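Okay, structure first, notes after.
These numbers come from a predicted model, not from an experiment. The chains referred to below are lettered A, B, ... by the order of the sequence lines, with proteins before strands, and numbering in each begins at 1.
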There are 2 protein chains.
Amino acid sequence: MPTKAHHPLVEDFLARLEEKDYRHTGTREEVARAVAQQGSHFTAEALCEALPRVGRATVYRNVKLLVEMGFLCRVLMEDGELHYQVSHKGHHHHLICTYCGQSQDLLNCDFQGLLKEKASTQGFEVEGHTVELYGRCRTCASEATAS
Amino acid sequence: MPTKAHHPLVEDFLARLEEKDYRHTGTREEVARAVAQQGSHFTAEALCEALPRVGRATVYRNVKLLVEMGFLCRVLMEDGELHYQVSHKGHHHHLICTYCGQSQDLLNCDFQGLLKEKASTQGFEVEGHTVELYGRCRTCASEATAS
DNA sequence: ATGAATGCAAATTATTTGCACATCA
DNA sequence: TGATGTGCAAATAATTTGCATTCAT
């Protein structure tokens with residue numbers, strides 16, 4: 001018997017499960033809660049560690065579900081490692097700080113039109129895109145300047 | 001004793017090896033040649049298959065070297081599979097057709113300025129970025145229209 | 001000669017799958 | 001109850017590593 005949600009992501013996930021005729025289980029709620037408590041981005045492994053009582057396979061199955069439902073998105077790190085991050089709906093891109101590792105979203109930035117226009121000059125119809133930006137965040141930038 | 005190169009990528013790679021004090025071996029040349037003969041993008045596995053006489057580990061080691069030297073770049077497919085593709089130096093992005101699988105480069109498209117400007121409003125200093133575009137290429141688009 | 005490169009097999013890492021058991025509707 | 005979900009352990013897939021051997025300089 002699931003507890004009250006207390007977190008928008010958890011609530012939305014549970015609501016959507018019902019909508020899609022998936023079952024609302026205690027384990028799914030735990031996974032969603034663990035996701036909500038992670039930092040800006042995390043690995044499947046980190047989730048497993050945060051959920052020692054939940055089997056790895058189940059963690060992976062639910063992460064996949066969360067991705068399919070649009071609650072999580074995949075983030076490819078510069079070194080090729082795959083991370084996940086809570087997906088802010090709508091177009092957005094990731095600003096990944098290579099100094100402290102934090103990731104933030106790039107807001108108010110619509111490339112879709114520009115991308116489509118550029119690609120169309122080569123006859124290519126853009127249907128989707130991913131953008132990852134690497135660099136240093138405000139904090140790390142100011143620390144570098146200070147020292 | 002290595003043969004004459006006959007392909008810019010192979011020649012450039014061999015030249016750079018010397019420059020960096022790596023050894024110019026027959027195996028390295030074979031790997032470079034196989035890379036040059038791949039389609040627009042390929043997996044490490046495909047290279048291994050094209051080079052049955054070369055050990056997997058060696059293929060991986062040399063792919064890594066090619067990436068470090070900037071001759072190859074990683075391409076993340078929509079399904080998460082990692083491919084490689086010959087890197088056209090300078091900024092460029094990939095147009096990956098999800099219908100036929102071909103990848104082409106998006107030319108004459110400099111986002112760096114725009115990206116930096118947008119990110120700077122959040123105090124983020126962009127140092128690098130990746131962009132992958134998914135959609136359909138000219139050929140697949142026209143086929144879809146025709147049918 | 002001697003240190004780097006290679007091949008092979010074993011080790012890792014990340015993820016998926018089969019199946020018996022538990023749980024939700 | 002009856003299907004869906006879960007845990008576990010085994011299976012896979014992708015990549016890396018250890019080490020004896022080979023090769024380039």
Check: Whole-Å distance between C/dA14 C1' and A/Met77 CE?
Finding: 17 Å
Margin query: Rounding to an integer number of Å, can you tell me how far A/Leu47 CG sits from D/dT6 P?
Written below: 14 Å
Check: Between atom CG in B/Leu14 and atom C1' in C/dA5, what is the gap in whole Å?
Finding: 15 Å
Next item on the list: Starting from the 5' end of DNA chain C, give me the residue, B/Ala57 or B/Arg23, whose nearest nucleotide shows up first.
Entry: B/Arg23
Notebook entry, point to check: Where the side chain of A/Val54 is defined as all heavy atoms beyond and including C-beta, which of C/dG7, D/dG7, D/dT6 is the nearest nucleotide?
Noted result: D/dG7
Next item on the list: Indicate the ring-plane relationship of A/His41 and A/His83, choosing parallel, tilted or perpendicular according to the 30° and 60° boundaries.
Entry: tilted
Checklist line | DNA chain D: 5'-proximal contact among B/Tyr84 and B/Glu18 (nearest heavy atom) | finding: B/Tyr84
Checklist line | Salt-bridge present (A/Arg138, B/Glu125; N to O < 4.0 Å) | finding: no
Margin query: Go nucleotide by nucleotide along DNA chain C from the 5' end; which of B/Pro52 and A/Tyr22 gets its closest nucleotide reached first?
Written below: B/Pro52
Item checked: Side-chain-base donor-acceptor pair under 3.5 Å for B/Arg61 and C/dG7 -> yes
Next item on the list: Among the candidates C/dA5, D/dT25, C/dG7, find the nucleotide nearest to the side-chain atoms of B/Thr58.
Entry: C/dG7
Next item on the list: Look at the side-chain N and O atoms of B/Thr25 and state whether any lies under 4.0 Å from the OP1 or OP2 oxygen of C/dT6.
Entry: yes
Margin query: Could you tell me how far apart A/Glu81 (CD) and D/dT15 (P) are, to the nearest whole angstrom?
Written below: 14 Å
Check: Given atom NE2 of A/His24 and atom C1' of D/dT6, what is their separation to the nearest angstrom?
Finding: 15 Å
Check: Hey, is A/Glu45 close enough to A/Arg56 for a salt bridge, meaning N to O under 4.0 Å?
Finding: yes
Next item on the list: Specify the separation, in whole Å, of atom CZ of B/Arg53 and atom P of D/dT22.
Entry: 17 Å
Checklist line | Atom-pair distance (NZ on A/Lys20; P on D/dG5), nearest Å | finding: 14 Å
Next item on the list: Would you please confirm or rule out a distance under 4.0 Å between OP1 or OP2 of C/dT6 and any side-chain N or O of B/Asn62?
Entry: yes
Item checked: Atom pair CZ (A/Phe13) and CZ (A/Arg28), whose distance is rounded to the nearest 0.5 Å -> 6.0 Å
Next item on the list: Establish, from distance only, whether the side-chain atoms of B/His24 and B/Glu29 form a donor-acceptor pair under 3.5 Å.
Entry: yes
Item checked: Separation of D/dT22 P from B/Arg28 CZ (nearest whole Å) -> 19 Å
Checklist line | B/Tyr60, nearest nucleotide to its side chain (from D/dA14, D/dT6, C/dT15) | finding: D/dA14
